[in-house]
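To start, the structure under review is shown below, and the notes come after it.
Just so we're clear, the structure is a prediction, and the values are computed from it rather than from any experiment.
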Amino acid sequence: MFLAMKELMHSKMKFLMIIIIFVLMAWLVFILSGLGNGLSTLAASTFKTMKADYVIFEEGAQSSMSKSLLSDQLVAKAEQLPNVDAASPMGSTMATALKENSTKNEDKVDIAIIGIDPGSFLEPAIVEGESLSSENPTGVVVNSTMKDEGYQLGDTFQLDGTTESLTIIGYVENQTYNHVASVFTPMAEWRKIAFAAPSSDKGIAGPVNAIMLQGENIDPEAINKELSSTDTVTRAAAVQGMPGYKEENGTILMMLAFLLAISAFVLGVFFYVITMQKTNQFGIMKAIGASNRFLGKAIISQVFVLSLTSIVVGILLTYGTAAIMPKGMPFKLETSLVFNYSIILLVIAMLSSLVSVRKITKIDPLKALGRVE
């Protein structure tokens, strides 16, 4: 470490350039991971935060709410199955909210109507106002982001293209679905909205999109045998089944993978070139008794200091960027996410340095000093 620090202090400009490049790479990695996490949360936070373990869909629905249609009569049957602690129906449909007595297109807000039973385990925690009630079927609980659109507690809005009007009675946080604010409504009201068109419910009694289950060690295959024409999956699989979710996250992950691979190559080349420039110095040190182990530790220590410094600066820049980002930007930087990618970047840098270490072990002191042809 002593040798590594002495060289770092002696060649400040050379190593500063490496730090700048590494900082930019780390900064980009953290920004992309935050954007990916933000998009993922915006697309499925309602599903992710629900206190459910498994989801029952219609057979062949490919774990998609929009393709599934079941009868709520299956809820009572599902609750009687082994290891099932509770079961509750859920429905979802997309809509457009329009402020009461307004005809302006700019006042329209895309929303996701989520139908649940009031008081069930699917109902999110209320942060302001009242919770859902079967006695007030048009009273809805909405995501707090609707405040930014000018909707206040007690406001009534109409669903564009329908005669249905809903009144905001409460607010929840971090509840979005398909990139828009979630609006929770009693199941009876949801059916009126989702199946307003004649025969759109296919004649099913009490139609729902899915049945959410609570319980440990639930056997999906056993449930599918007991409940005909159903497909039971984990909540995580249901999230992956949301339209566009897997593709969106796959794109971000692929970008991150390419960026990390490029980072490893660039850093490896930089460290290798620096090592080649010091071939004569290493030859002299080996000639006076320095071992490969000693020189290798010096290189690794040097890379560790450079990498750690760059990652820390990259983290600070990322949090600074997050602080000035527009409020509507889907950016969510979690501590666990920053920690994981910091470790990955540090490991990549250390592995990249091994190419230089291997080069050191092959240096012949006599050749390095020009004494052998």
Side-chain angles (χ1 to χ4, degrees), residues 43-44 46-47 50 52 55-79 87-98 100 108-124 131-143 146 156-169 175-213 227-233 238 241-244:
T46 292
F47 241 125
M50 278 185 171
V55 187
I56 301 177
F57 291 104
E58 180 185 3
E59 187 177 22
Q62 300 176 316
S63 302
S64 174
M65 294 283 286
S66 60
K67 298 177 183 178
S68 175
L69 200 61
L70 299 170
S71 172
D72 65 353
Q73 294 176 356
L74 295 177
V75 176
K77 294 180 180 179
E79 287 183 321
S88 186
M90 175 182 169
S92 70
T93 189
M94 305 305 292
T96 302
L98 181 64
E100 197 173 34
K108 294 181 179 180
V109 178
D110 290 327
I111 57 174
I113 306 292
I114 308 296
I116 60 174
D117 284 340
S120 70
F121 61 84
L122 298 181
E123 187 170 0
S131 57
L132 293 177
S133 172
S134 299
E135 298 176 357
N136 182 16
T138 59
V140 295
V141 173
V142 306
N143 192 48
M146 287 194 70
T156 298
F157 61 87
Q158 186 176 351
L159 298 182
D160 193 29
T162 74
T163 58
E164 294 295 320
S165 295
L166 303 173
T167 302
I168 300 175
I169 62 172
Q175 295 294 329
T176 54
Y177 188 86
N178 277 345
H179 300 93
V180 298
S182 293
V183 173
F184 294 87
T185 181
M187 187 59 70
E189 183 64 20
W190 173 80
R191 290 193 183 100
K192 290 175 63 178
I193 298 168
F195 305 107
S199 303
S200 58
D201 59 2
K202 300 180 182 179
I204 296 175
V208 300
N209 287 140
I211 298 172
M212 316 296 282
L213 305 177
L227 305 178
S228 61
S229 300
T230 61
D231 183 20
T232 305
V233 300
M242 294 182 64

(request) Using the test side chain to side chain donor-acceptor pair (under 3.5 Å), find all partners of S71 that sit at least two apart in sequence or belong to another chain. (result)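 Listed in chain order: nothing, the list is empty.
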(message) Which residues pass the side chain to side chain donor-acceptor pair (under 3.5 Å) test with S165, not counting sequence neighbours?
(response)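 Scan of S165 (side chain to side chain donor-acceptor pair (under 3.5 Å), adjacent residues dropped) gives none.
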(request) Please identify each residue that fulfils salt bridge (Lys or Arg N to Asp or Glu O under 4.0 Å) with E189, with sequence neighbours left out. (result)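 Once residues adjacent in sequence are excluded, the partners of E189 under the salt bridge (Lys or Arg N to Asp or Glu O under 4.0 Å) criterion are K192.
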(request) List for me each residue that meets salt bridge (Lys or Arg N to Asp or Glu O under 4.0 Å) alongside D72, sequence neighbours excluded, and say none if there are none. (result)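 D72 satisfies salt bridge (Lys or Arg N to Asp or Glu O under 4.0 Å) with R191 once adjacent residues are dropped.
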Shortest non-hydrogen separation from [X] to [Y] and the atoms involved:
X: V140; Y: L132; result: CA-CD2, 4.0 Å
X: V233; Y: S63; result: CG1-OG, 3.6 Å
X: A78; Y: I56; result: CB-CD1, 4.2 Å
X: I211; Y: A87; result: CG2-CB, 4.1 Å
X: W190; Y: V208; result: CZ3-CA, 4.1 Å
X: F195; Y: S200; result: CA-OG, 3.2 Å

Can you check whether [X] reaches [Y] side chain to side chain, under 4.5 Å on heavy atoms?
X: T232; Y: L227; value: no
X: E59; Y: T230; value: no
X: M212; Y: F47; value: yes

(request) Give me the one residue out of T138, T167, I168 that meets side chain to side chain contact (heavy atoms under 4.5 Å, CB included) with T156. (result)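 With T156 as partner, side chain to side chain contact (heavy atoms under 4.5 Å, CB included) holds for just one option, T167.
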Check: residues 113-122 side-chain donor-acceptor pairs under 3.5 Å, at least two apart:
{"from": "S120", "atom 1": "OG", "to": "D117", "atom 2": "O", "distance (Å)": "2.8"}
{"from": "S120", "atom 1": "OG", "to": "L122", "atom 2": "N", "distance (Å)": "3.4"}

Using a 3.5 Å distance criterion without hydrogens, assess whether the side chain of [X] forms a donor-acceptor pair with backbone atoms of [Y].
X: S68; Y: N209; value: yes
X: S64; Y: M242; value: no
X: Q175; Y: N143; value: no

How long is the span from the [atom1] atom in [X] to the [atom2] atom in [Y], to the nearest 0.5 Å?
X: E58; Y: M65; atom1: CD; atom2: CE; result: 12.5 Å
X: L159; Y: T93; atom1: CG; atom2: OG1; result: 9.5 Å
X: S88; Y: M187; atom1: OG; atom2: CE; result: 6.5 Å
X: I111; Y: N178; atom1: CD1; atom2: CG; result: 13.0 Å

(message) Under the rule for ring-ring contact (aromatic ring centres under 6.0 Å, His included), what residues qualify as partners of F157, not counting sequence neighbours?
(response)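 Checked F157 against ring-ring contact (aromatic ring centres under 6.0 Å, His included); matches are Y151.
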